[in-house]
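Data block below; observations after.
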Amino acid sequence: MKRTLFSLLALFSLLTAAADEGMWLPSLIASRIDDMRAKGFRLTAEDIYSINRASMKDAVVLFDGGCTGELVSPEGLLLTNHHCGYDAIQRHSTVEHDYLTHGFWARSRQEELPNKGLNVRFLVRMEEVTDRIAAGETPEEIIRRAEAEGEGYKASVEQMYYGDQQFLFLYEQFDDVRLVAAPPSSIGKFGGDTDNWIWPRHTGDFSVFRIYASKENKPAAYSPDNVPYRPKKYFTISTKGFREGDFTMIYGFPGNTQEYILSDAAEYIATQSDPAKIAIRDGRLEIIARAQESDPALRIHYAAQRATIANAWKKWQGEVLGLTRRKTVETKRQREEAFARENSRGAELLREMKAEYQRIMTPYFAREITVETLRALPAKYTDEERAEAVFPARRETERELFRWLFGEYARRCPAQYQVPVFLDGVARSGSPETFAEEVFEEVWAGAETPLSDSLRNGSKRMLDHITWLLGTDRLRNLTSRRLNDLYRGYVHELRTTWPDHPYYPDANLTLRVAYGAIAGYEYADGEYHTPLTTLDGIIAKDNPEIYDYDIPQALRDLYASKDYGRWGVEIDGRRTVPVCFLASNHTTGGNSGSPVLNARGELIGINFDRTWRSTMSDIAFDPTICRNIAVDIRYVLFVMDRIGGAGYLLREMKIK
Ligand code: ARG
Ligand code: GLU
């Protein structure tokens, strides 16, 4: 009796929570809308996506080809993350105007800064074209016809479920996007790499841009005559707050997930690929950290590079922990066995897929190792680099990086896939490290020599060879052309044999809707993490001695005066400002900058990260631990108003 009750409860919690999994195609959201409404959503499928009238999709953009942004004013004002605007902010920064360090606040439209090469894309519509392609139309023809429909239109045909379904995505692209505001890095990147992927979090990860258009409100190349874009739709902002359990939804452009991969691939990631890449980066990070500690000029020089190396390095560690803790490999294997028992075609496909994994795993691993080691080293130092004052100081660090990465390549890359020139060089000079010295000295001296050239060409040829073996050059996902074909059949069988499971196509940088709730989680046995952080937590971390935790004096002063204006809230009898929150929406890289919306479709935050151990949601979503991290919109407005003095921007927005 007790046991039945317990498993009923377990089943119930699984069912309610499991629905937070999924990245849904907006044009098909009608199939989810009953579930969304049951969980608190107040609007309709047409409010989310419509081609007949303005809908939420008209307020969401693909930002700079890899992030998401959202419109928040009738005059083209757009919010995204600080780390998404980072490049633009950095490019406008000089020693005299260091916007990265001190922030940037345009005081008028004239001061908004144009950004060469930065664009945003709105989705005009999406449409299934599987039948058209089956009837003989090529994707290229479909794309050409769609792009001819309007100015600045860009189209692509994307595969869902490994090509079982194909969709046309038609976008309107705007190329005049100007920087309007950015907080100082001590707010926008508060916590730095120390806090990256971690909860509790206190990062004000936002920046502000504005889209400009022609007088006819159409896409136009940059011109001083362009005017602020008038969007079909922008988000109302809610500062009313929320409670744990409240409905949330995220609308954005998730980049890449692999939810249907077999246990073989999950095992490869957890036991081979991630651990090897982590270990290689351990060494790189150690070398760079030592250099940074030894010399302030090196600290600055290696900052961006280190952040990039550390971001994936830390993510992979969390992924391995999550996969191990959830026993993903075992669970997947059990599912495969159960499926094979029920579906004989599926059983046949599974056998073929497993055989194909055996064939490709070693060359694929060799490719990953080569990319992480030999290909991660500079082929040459550019003239600009050489002209920098810091250049001579980098010498020993660069030499060490060569030594470390040559050594790792020799130790980890399967011998039959090592570049012949490399093997020869090592044999001749005695060790990977001595060979590394030889090559390094040449590259450092700027010599255009056969040694480094042939090494570069040799590794390129080896990678091409592996690509040929796999029949594809898609690097991130352990796959081959043949595997892709097999997966198409396999997922199709899964969907027909087990129709009750919610299916959604893997993320592929197309627009998706995820929904869930504001939610904390049990971080460790007996340790529950609540879903909201506040300014008090920032003050607790504040430490002028620690670079990542050194906040602007203005923030300290505001805390002392408690002069929070309308952005302040009362929590447990103390007055404070909300900073970041956790929710159970299914997100991944590319969802950075995505609007986090409440049940009424009002903006309550900007997505920017996930918790560490839940990054395995790219492979298997676990509703008990998978959480996205957002910056609370009230903190964004507080910083704009009280730190930036940009009250005039707030007047453009609709704030409730
Ligand atoms: N982890 C987030 C993402 O994957 C934020 C990265 C930027 N922040 C940083 N400290 N490196 O992109
Ligand atoms: N920071 C990530 C991005 O740049 C989002 C975090 C994640 O992977 O969920 O898109």
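Residue numbers run from 1 in the order of the sequence given. Counting starts at 1 for both ligands and their atoms, following the listed order.
Checked against the 6.0 Å centroid threshold, Phe242 and Phe581 count as a close aromatic pair.
Ion pairing between a basic and an acidic side chain is recognised when a charged N comes within 4.0 Å of a carboxylate O; Asp193 and Arg306 show no such pairing. A salt bridge is absent between Asp195 and Lys189; no separation between the charged side-chain nitrogens and carboxylate oxygens falls under 4.0 Å.
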May I have the step-by-step check of side-chain hydrogen bond (donor to acceptor under 3.5 Å, both in side chains) for Gln258 and Asn256, ending in yes or no? CA-CA 7 Å; Gln258 31 185 350; Asn256 189 6; over 6 Å; no
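Residue contacts with ligand 1 do not include Tyr86, since none of its heavy atoms lies under 4.0 Å from the ligand.
Note: Phe190 and Tyr549 have tilted aromatic rings, judged against thresholds of 30 and 60 degrees for the angle between ring planes. In this pair, Tyr521 and His529 present their aromatic rings perpendicular. The plane angle is above 60°, beyond the 30 to 60° band. The aromatic rings of His82 and Tyr86 stand perpendicular to each other, their planes meeting at an angle above 60°, with 30° marking the opposite boundary.
Remark: Gln317 CD to Lys314 NZ distance equals 8.5 Å, nearest 0.5 Å.
Nearest non-hydrogen protein atom to atom 3 (C) of ligand 1 is Asn311 ND2, 3.7 Å. For atom 2 (C) of ligand 1, the closest non-hydrogen atom on the protein side is Asp609 OD1, 3.2 Å. When hydrogens are left out, the protein atom nearest atom 8 (N) of ligand 1 is Asn196 OD1, 4.0 Å; that is the closest non-hydrogen contact. Distance from atom 11 (N) of ligand 1 to its nearest protein heavy atom, with residue and atom name: Asp193 OD1, 3.2 Å.
Of the options Glu372, Glu319, Glu408, Glu368, a salt bridge (Lys or Arg N to Asp or Glu O under 4.0 Å) to Lys277 is made by Glu368 and by none of the others.
When heavy-atom distances to ligand 1 are checked against a 4.0 Å cut-off, Phe608 comes that close only through its backbone atoms N, CA, C and O.
Near ligand 2, residues His83, Trp197, Thr588, Gly589, Gly590, Asn591, Ser592, Phe608, Asp609, Arg610 come within 4.0 angstrom through at least one heavy atom.
Relative to the six-membered ring of Tyr171, Lys154 misses at least one condition, a distance below 6.0 Å or an angle of at most 45° to the axis.
Short contacts between ligand 1 and Gly192, defined as distances under 4.0 Å to a heavy atom of the residue, involve ligand atoms 10 (N). Close approach to Trp197 involves these atoms of ligand 1, each under 4.0 Å from a residue heavy atom: 1 (N), 4 (O).
Residue contacts with ligand 1: Ser592 is placed with no nitrogen or oxygen under 3.5 Å of a nitrogen or oxygen of the ligand (distance criterion only).
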